[in-house]
Amino acid sequence: MTDTAENFDDFESTAIAADDDALVVTVDGFEGPLDLLLTLARNQKVDIAKISVLKLAEQYLEFIEAARKINLELAADYLVMAAWLAYLKSRLVLPQEKTPEGEPSADEMATRLRWRLQRLDAMRAAATRLMNRERLDRDVFGRGDPEPVNVVKLRTYKDTLYDLLTAYATDRARRLGGKAYKPVVSPVLQIEEARERLERMLGRIGDWSGLSRLLPPDWQGGQRRRSALASTLLACLELARDGKVELNQGAPFEEIYVRDRSGPHAPLAPETGA
Amino acid sequence: MNRVATLIATIETEMDVQTESPAVNPEHLRMVEALLFAAGEPLDQKALSTSLPEGADVPALISSLQAVYEKRGVNLCCIAGKYQFRTAADLAFLLRKEQPEQKRLSKAAIETLAIIAYHQPVTRAEIEDIRGVVMSKGTIDTLMEVGWVKIRGRKRTPGRPVTYGTSEAFLVQFGLESVGHLPGLDELKAAGFLEAIPPSGFDVPNPSDGLGPDEDPYEGEEAQDLATGSVNLDEA
Amino acid sequence: MNRVATLIATIETEMDVQTESPAVNPEHLRMVEALLFAAGEPLDQKALSTSLPEGADVPALISSLQAVYEKRGVNLCCIAGKYQFRTAADLAFLLRKEQPEQKRLSKAAIETLAIIAYHQPVTRAEIEDIRGVVMSKGTIDTLMEVGWVKIRGRKRTPGRPVTYGTSEAFLVQFGLESVGHLPGLDELKAAGFLEAIPPSGFDVPNPSDGLGPDEDPYEGEEAQDLATGSVNLDEA
């Protein structure tokens, strides 16, 4: 069994190596008990079909025994196989034994084992043959620069007269009819601003000045004047509340008069109906 | 017995090649064939001779192979000093697959098309005025590419802007006999496209593909654009 | 004059083909040649006839083209019932490349692949019976990931185990016309190695008849794999 290694030429690791007496045992490289049996069978160097199953069983049991001695952990299926082979061996060495009803004879069992080993061997040979085929992109090659089919898009449009008229009439009408609302941003004189301005003017406002004359000079005319008038009036009302000015209006919509109360002069009655 | 005749012709060609170039090693010929077939890109003579056995006569092999493939469905072409098998030019149609694709115009495009149809001849500025938006360059290009819009002429106004109109393909697509058959204001109302009282400023002109009163036919330097844009000058 | 001799041999071959198959249209021959050359992938007869003019005799064209290319550096091969030009196998030395690493399979995977190929449709239990070992879950996964193995269906036996078979990619990779063309198939059949496992009772112990410890029942979410895998329940 010195040339075991060559039997593993297809395998990555040598699982069993032995000299004449001692077996060196490892199950690492075996793919199960059948694989181990096949390896042992090959070591007998006879046609597997004619192999001595008795000898094979003995070698297997010896291997398992050796494995146990070195406390090698064996998968359960190795042990099941060992038990079965031990049973087969016992029946093979007792040729006179009568086969129980419905059970195969020891010879039949041996034949069956040989057949399974042969089959595994044959499938391995087939695998090797398959992998040795000329393979695409390794040994044989397709066109290196294929010419793809040009897909020419034949474009058609789904647009109909209905779409055209909708686009013309509906969309356009909406654009013309419903002009988008755009808020007009009016100029606004802030009330605070108007009040600050009036407070600065306190003491310089004459007796009963018309409100319209108190507006900022740059807030005359149109929108600006309206805002300035409103803000200044509100500012005057605040100042009046604080007792800083007095207001007087002859009639609705007439000019409003403002009198400064911060000054030293005594309040006078305003002229009405200016 | 077409086949035999072809074969004899082939032999004659081969014999010609034979007399012109030195005899080539048929095994080398197979190798060049395989190398060029499997290569992902065109190969030059140097690349070939690196792969071939010592002493292979690459130029002779190539010209021999070119002769073999000359009349075939695949030819050995020389592109920029490199060699590559390509489908014979006359069989290019085999590698063309037509795929129908249905599309719709964009909203902007169909609106522009409608305005061109109704208001033709119309300038770009006029279209923008009617739509109330500046048009992107692509919109009219798309319509001209589809073949529904063409340049008709030029307006006799400062700058002489080009005028657009619709083509015959437009009439075919929308099932119109002529642009004059586009529905008018009352018809649009009746068909429910417009409210009974359209917004003020809504006018529906009577489109015509004749030359407008202030329009000149399109001509001169733009002749080339015309050719590509499937424009029909006869109508302009 | 090697060349002339080759040519004469070619003619003789061609003449033989001629007598066997009907005369083919040389233009059609060019077209088939161009189509097959241009396509990277194998094309079937249907794909070819779609591109060819009406009435082209595709089978005759193919066998004619195969004969033309038989001795060439590029051959027309029948792969998975489809046709593809490939470099001649004997020129592998010229073109050989290392396989990409990810396709390097373990010994167990290679053995499993061969068993699936020759025994298909085959269940996991049957593969394990042949190999005499419980299969790790990863083995078939790897083969399915590479794309060479697919789930074919389910066996009509208790438990309805899924059956495995090889894919078209397998045939393409190994250059096989069909699984019927696997090397040595007839010998294996004659020896009885491909027959179903004889009735048990006096059998060598199997690694596992039922569900393996690392094996899950096939169900639910994998249903889609079944659908795509050209399932053939009849064979089960």
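A, B, ... follow the sequence lines: proteins, then strands. Residue 1 opens every chain. Keep in mind it's a predicted model, so treat the numbers as computed, not measured. Only heavy atoms go into these numbers, but all of them, side chains included; no hydrogens, no water, no symmetry mates.
- Put simply, the side chain of B:Gln84 reaches to within 4.5 Å of the side chain of A:Asp145, judged on heavy atoms.
- By the 4.0 Å N-to-carboxylate-O rule, A:Asp159 lies too far from B:Lys103 to be salt-bridged with it.
- Between A:Tyr168 and B:Tyr118, the two ring planes are parallel [angle under 30°; tilted spans 30° to 60°].
- Contact of B:Ala39 with chain A is made through the backbone alone, with heavy-atom distances under 4.5 Å.
- No more than 12 heavy atoms of other residues, nucleotides or ligands sit less than 6.0 Å from atom CZ of A:Arg226.
- For B:Ile115, the parts lying under 4.5 angstrom from a heavy atom of chain A are both the backbone and the side chain.
- For CZ of A:Phe253, the number of neighbouring non-hydrogen atoms (other residues, nucleotides, ligands) closer than 6.0 Å is 12 at most.
- Counting heavy atoms from C-beta on, the side chains of A:Tyr157 and B:Gln102 never come closer than 4.5 Å.
- Counting non-hydrogen atoms of neighbouring residues, nucleotides and ligands closer than 6.0 angstrom, the CZ atom of A:Arg129 exceeds 12 such neighbours.
- The distance from atom OG1 of A:Thr166 to atom CD1 of B:Ile110, rounded to the nearest 0.5 Å, is 8.0 Å.
- Side chain of B:Glu98 to backbone of A:Lys153: no donor-acceptor contact under 3.5 angstrom is found.
- Crowding of A:Asn132 atom CG: a count of heavy atoms from other residues, nucleotides or ligands under 6.0 Å exceeding 12.
- Atom NE2 of B:His181 sits about 12.0 Å away from atom CG of A:Leu161, to the nearest 0.5 Å.
- Interface remark: B:Phe93 contributes no atoms to any contact with chain A (heavy atom separation under 4.5 Å).
- In this structure, A:Val149 and B:Leu94 have side chains that are not in contact, with every pair of non-hydrogen atoms separated by 4.5 Å or more.
- Of the inter-residue distances, the one linking A:Leu154 atom CG with B:Lys97 atom NZ reads 12.0 Å to the nearest 0.5 angstrom.
- Considering only heavy atoms from C-beta on, B:Pro100 stays 4.5 Å or farther from A:Thr156 through its side chain.
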Q: Dump the intermediate steps for side chain to side chain contact (heavy atoms under 4.5 Å, CB included) on B:Leu105 and A:Asp163, then the final yes or no.
A: CA-CA 10 Å; B:Leu105 287 179; A:Asp163 299 320; over 6 Å; no
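- Heavy atoms of A:Thr160 lying under 4.5 Å from chain B belong exclusively to its backbone.
- Of the atoms belonging to A:Pro146, not a single heavy atom falls under 4.5 Å from chain B.
- At a 4.5 Å heavy-atom cutoff, the contact between B:Leu182 and chain A is made by side-chain atoms alone.
- Closest of all the heavy-atom pairs between B:Ala38 and A:Phe141 is CB-CB, 3.7 Å.
- Counted within 6.0 Å of NZ on A:Lys50, heavy atoms from surrounding residues, nucleotides or ligands total 12 or fewer; the atom is thus considered open.
- The backbone N or O of B:Phe85 sits less than 3.5 Å from a side-chain atom of A:Arg143, completing a donor-acceptor pair.
- For A:Gln44, the CD atom counts as densely surrounded, since its 6.0 Å shell holds more than 12 non-hydrogen atoms of other residues, nucleotides or ligands.
- Put simply, the side chain of A:Glu147 never gets that close to the backbone of B:Arg86: no donor and acceptor are under 3.5 Å apart.
- Chain A forms more heavy-atom pairs under 4.5 Å with one residue of B:Pro183, B:Gly175, B:Gly40, B:Pro42 than with any other, namely B:Gly40.
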